[in-house]
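Please read the structure below before turning to the comments.
Side chains included, hydrogens not; waters and symmetry mates left out as well; all remaining heavy atoms used.
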Amino acid sequence: MKSATRLAVCSIVTALSVVLLFLGGITFVLAYTMPMIVGLFMIMLNRTFGKSSAWITYAATSALSFILVSDKECMLMYVMLFGFYPMVHEELGKIRMKLLRITLKLLIFNVLLVAVQLILVFVFGIPFLEEGEGQWMIALFAVLMNILFLFYDRIITVFTKLYETKIENKIKKYFK
């Protein structure tokens with residue numbers, strides 16, 4: 001595949017990703033769903049153009065979103081969680097013991113989720129809880145985010161299989 005084609009596609013995906021992350025600032029729900037959707041683009045890049053193209057696109061999107069995306073929570077959710085996770089998902093899937101694999105995935109996710117929240121509070125000065133909300137909100141948030149992450153993990157598996165069987169050959173043929 002021509003490097004100019006690869007560069008053009010990666011640039012378009014980067015631009016589209018930054019726009020979608022920018023739109024993630026519209027509502028609270030989009031601050032979590034847009035990074036997940038944008039992360040799915042990495043599957044296409046990883047499968048079609050290789051790991052290096054996917055990682056470079058992830059890095060470019062992360063840098064541009066840091067500058068251009070006003071919703072820092074949305075940006076950090078992409079940079080620290082959902083942007084790179086689809087690329088390491090395949091490697092984590094090679095762990096044979098299902099319980100160990102799921103535990104490791106949840107451990108990585110929870111450590112990075114705590115890191116995102118700490119950066120939001122201590123670097124950007126964005127409070128985690130509004131005035132009057134109790135500690136139970138932290139527990140509810142953690143439980144809901146873990147459920148959402150397990151759902152996202154399953155979506156990545158299904159999307160990857162769908163991409164491999166239905167879309168990949170058509171895209172590779174188009175970009176020859």
Side-chain angles (χ1 to χ4, degrees), residues 1-93 105 108-109 111-120 123-124 126 144-145 148-176:
M1 192 166 307
K2 294 180 183 177
S3 60
T5 303
R6 184 179 314 158
L7 177 65
V9 171
C10 291
S11 299
I12 290 170
V13 170
T14 300
L16 179 62
S17 298
V18 171
V19 168
L20 289 175
L21 290 172
F22 184 79
L23 293 175
I26 294 174
T27 67
F28 178 73
V29 173
L30 290 178
Y32 294 98
T33 56
M34 284 302 181
M36 295 169 116
I37 291 169
V38 171
L40 293 177
F41 293 155
M42 296 303 127
I43 295 170
M44 181 203 70
L45 292 175
N46 194 14
R47 303 269 322 149
T48 306
F49 299 109
K51 291 181 190 264
S52 62
S53 295
W55 281 105
I56 289 170
T57 302
Y58 163 73
T61 302
S62 297
L64 287 172
S65 66
F66 186 79
I67 297 166
L68 299 173
V69 175
S70 60
D71 187 344
K72 297 306 178 194
E73 187 171 22
C74 180
M75 179 269 303
L76 282 175
M77 292 303 284
Y78 173 77
V79 171
M80 294 185 71
L81 288 168
F82 299 119
F84 76 91
Y85 183 73
M87 294 181 288
V88 299
H89 177 266
E90 184 178 333
E91 297 301 318
L92 291 172
K105 288 178 180 182
I108 292 168
F109 173 74
V111 166
L112 293 175
L113 183 64
V114 168
V116 166
Q117 295 305 321
L118 290 174
I119 290 170
L120 287 171
V123 175
F124 293 110
I126 301 170
L144 291 176
M145 286 302 294
L148 184 66
F149 174 73
L150 291 173
F151 181 68
Y152 183 64
D153 186 65
R154 183 69 185 138
I155 287 174
I156 290 173
T157 303
V158 170
F159 185 78
T160 302
K161 288 195 188 298
L162 174 73
Y163 184 78
E164 288 172 357
T165 58
K166 302 284 184 186
I167 303 169
E168 186 174 17
N169 289 335
K170 293 175 184 176
I171 287 179
K172 282 185 176 180
K173 193 182 304 182
Y174 183 75
F175 286 122
K176 271 190 174 179

Can you confirm whether [X] sits close enough to [Y] that some side-chain heavy atom of one is under 4.5 Å from a side-chain heavy atom of the other?
{"X": "Ile155", "Y": "Val158", "result": "no"}
{"X": "Phe124", "Y": "Glu73", "result": "no"}
{"X": "Val123", "Y": "Lys72", "result": "no"}
{"X": "Arg47", "Y": "Ile171", "result": "no"}
{"X": "Gln117", "Y": "Leu120", "result": "yes"}
{"X": "Lys105", "Y": "Asp153", "result": "yes"}

Crowded around Phe151 CZ? As in, over 12 foreign heavy atoms under 6.0 Å?
no

Quick one: does any side-chain atom of [X] pair with a main-chain N or O of [Y] as donor and acceptor, under 3.5 Å?
{"X": "Lys161", "Y": "Ile156", "result": "no"}
{"X": "Tyr78", "Y": "Phe84", "result": "no"}
{"X": "Ser65", "Y": "Ser62", "result": "yes"}

Please state whether the rings of Phe149 and Phe109 are parallel, tilted or perpendicular, taking 30° and 60° as the class boundaries.
parallel

Which label fits Phe159 and Tyr163: parallel for a plane angle under 30°, tilted from 30 to 60°, or perpendicular past 60°?
parallel

Between [X] and [Y], what is the shortest heavy-atom contact and its length?
{"X": "Val69", "Y": "Phe22", "result": "CG2-N, 3.8 Å"}
{"X": "Gly24", "Y": "Met34", "result": "CA-CG, 3.8 Å"}
{"X": "Met36", "Y": "Tyr152", "result": "O-OH, 3.0 Å"}
{"X": "Gly25", "Y": "Asp71", "result": "CA-OD2, 3.4 Å"}
{"X": "Val38", "Y": "Leu20", "result": "CG2-CB, 3.7 Å"}
{"X": "Met42", "Y": "Gly83", "result": "CG-O, 3.4 Å"}

Please walk me through it: do Ile108 and Leu92 pass side chain to side chain contact (heavy atoms under 4.5 Å, CB included)?
CA-CA 11 Å; Ile108 292 168; Leu92 291 172; 4.2 Å; yes

Once rounded to the nearest 0.5 Å, what's the spacing between atom [atom1] of [X] and atom [atom2] of [Y]?
{"X": "Leu21", "Y": "Leu16", "atom1": "CG", "atom2": "CG", "result": "9.5 Å"}
{"X": "Thr14", "Y": "Phe41", "atom1": "OG1", "atom2": "CZ", "result": "10.5 Å"}
{"X": "Thr61", "Y": "Leu68", "atom1": "OG1", "atom2": "CG", "result": "11.0 Å"}
{"X": "Leu118", "Y": "Leu76", "atom1": "CG", "atom2": "CG", "result": "11.0 Å"}
{"X": "Phe82", "Y": "Ile37", "atom1": "CZ", "atom2": "CD1", "result": "11.0 Å"}
{"X": "Leu45", "Y": "Lys51", "atom1": "CG", "atom2": "NZ", "result": "13.0 Å"}

Verify side chain to side chain contact (heavy atoms under 4.5 Å, CB included) between Met44 and Val9, making sure each step is shown before the conclusion.
CA-CA 11 Å; Met44 181 203 70; Val9 171; 4.3 Å; yes

From CA spacing to verdict: side chain to side chain contact (heavy atoms under 4.5 Å, CB included), Leu113, Met80:
CA-CA 8 Å; Leu113 183 64; Met80 294 185 71; over 6 Å; no

